[in-house]
Number of protein chains: 2
Amino acid sequence: MTVTDLTLVPRVEAIALDASAPVACCGPLTRETISADDAEVFARRLKALADPARLRLVSIVAASEGQEACVCDLIEPVGLSQPTVSHHLKILMDAGFLTRSKRGTWAYYKLVPGSLDAAAAPLVTV
Amino acid sequence: MTVTDLTLVPRVEAIALDASAPVACCGPLTRETISADDAEVFARRLKALADPARLRLVSIVAASEGQEACVCDLIEPVGLSQPTVSHHLKILMDAGFLTRSKRGTWAYYKLVPGSLDAAAAPLVTV
DNA sequence: TCGGAACATCGATGAACGTCAATACAGTGC
DNA sequence: GCACTGTATTGACGTTCATCGATGTTCCGA
């Protein structure tokens, strides 16, 4: 790997993905009609969770010590291939539910605090 | 009601009341790992909501008088064809979020009370 | 009885999705 | 340097999904 390689990959989306402060996209659905744009945003979040494998991954991570788990501990429980698990984890990360931190050769995925509550917020009536 | 009736009360009634008494499929995801079966059920519900058009339909119905709306009042706001709207409404009905009642040639869809809260329950940490 | 209106269903089509095998990449230890 | 291990990416394939036009079905009024 050469030095010039570093400048070739601009991660523009890193700015938009401030995963440290999850926010509800909109008010309660029962209060007033959701806008088309908000519906798009909210649907994208729900779609990231609307898969059995991803729900299990989030659940395993969330129920782990420090709400953090290694990929190597996730493959066997969900019963899927390693590339598929990695694929799902990426989707959950892009949606703002998980963050990744590499420690040595291992990758640890951590639940973003409050992200699940923020995703559920528009559904609850309270 | 005779005495013998007591022993013959069919449990089918409880199933029939399912639509009017929504129940969370599982405990909080953060408490303990969700089972494969519960993940399947929960994912199916989320998938029914994870679409911009369906979110808008639910929102319009939920924000209407008596949380009820006619199909004729739903087509124009979402900007989709009538068959497509009918298709989405069926999905929301099958998932237990809406109920339908025909009055004359009109069909009124009503939000099932508590169904949205029940769907969001596994996500909130409380 | 007939025509029209409101809604559901059918059939087709293009896009998105979940999955895996193969491969590439990045660290660790020798 | 080299081999090995853990993880991400790529390419391909079958399935599911959202959408629409055409057609059915049900109900009401003339």
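Values below: all heavy atoms of this structure, side chains included; hydrogens, waters and symmetry mates excluded. Reminder, nothing fancy here: chain letters follow the sequence lines and each chain counts from 1. These numbers come from a predicted model, not from an experiment.
Between A:His87 and D:dT10 there is no side-chain N or O to OP1 or OP2 distance below 4.0 Å.
Of the candidates D:dT9, D:dA8, C:dT9, D:dT9 carries the atom nearest the A:Lys90 side chain, counting heavy atoms from C-beta on.
Contacts of residues 34-59 of chain A with DNA chain D (heavy atom under 4.0 Å): none. Interface residues of residues 62-70 of chain B facing DNA chain C, ordered by number: B:Cys70; criterion, heavy-atom separation under 4.0 Å. Less than 4.0 Å separates DNA chain D from at least one heavy atom of each of the following residues of residues 73-86 of chain A: A:Gln82, A:Pro83, A:Ser86. A heavy atom closer than 4.0 Å to some atom of DNA chain C occurs in A:Gly104, A:Thr105, these being the qualifying members of residues 100-109 of chain A.
Residues passing the side chain to side chain donor-acceptor pair (under 3.5 Å) test with B:Thr105: none are found, sequence neighbours excluded. Residues satisfying the side chain to side chain donor-acceptor pair (under 3.5 Å) criterion with A:Asp117, sequence neighbours excluded, are B:Thr125. Partners of B:Arg54 by side chain to side chain donor-acceptor pair (under 3.5 Å), not counting sequence neighbours, listed by chain and number: B:His88. In terms of the side chain to side chain donor-acceptor pair (under 3.5 Å) criterion, residue partners of A:Glu68 (sequence neighbours excluded) are, by chain and number, A:Arg103.
A side-chain donor-acceptor contact under 3.5 Å links B:Ser59 to the backbone of A:Ile34.
Judged as a salt bridge (Lys or Arg N to Asp or Glu O under 4.0 Å), not a single pair has a partner in residues 38-47 of chain B (not counting sequence neighbours). A salt bridge (Lys or Arg N to Asp or Glu O under 4.0 Å) check over residues 90-99 of chain B, counting only residues at least two apart or in different chains, returns the pairs B:Lys90-B:Asp94.
The distance between atom NE2 of B:His88 and atom P of C:dA8, rounded to the nearest whole Å, is 13 Å. Summarising the geometry, the separation between CG on A:Leu89 and C1' on C:dG18 is reported as 14 Å, rounded to the nearest angstrom.
Considering only heavy atoms from C-beta on, A:Asp51 stays 4.5 Å or farther from A:Ile91 through its side chain.
Closest approach of A:Ala48 and A:Ala95 over heavy atoms only: CB-CB, 3.5 Å. Across all non-hydrogen atoms, the minimal contact from A:Phe42 to A:Ala119 is CE1-O, 3.1 Å.
If you chain together ILVMFWY residues whose side-chain heavy atoms come under 4.5 Å of each other, B:Tyr108 ends up grouped with B:Trp106.
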Review point. Stepwise, does the side chain to side chain contact (heavy atoms under 4.5 Å, CB included) test hold for B:Thr30 with A:Val58?
Key: CA-CA 8 Å; B:Thr30 54; A:Val58 166; over 6 Å; no
Exercise answer: donor-acceptor pairs, residues 77-85 of chain B side-chain atoms, under 3.5 Å, sequence neighbours excluded:
unit_1  : atom_1 : unit_2  : atom_2 : d
B:Ser81 : OG     : B:Thr84 : N      : 3.4
B:Ser81 : OG     : B:Thr84 : OG1    : 2.9

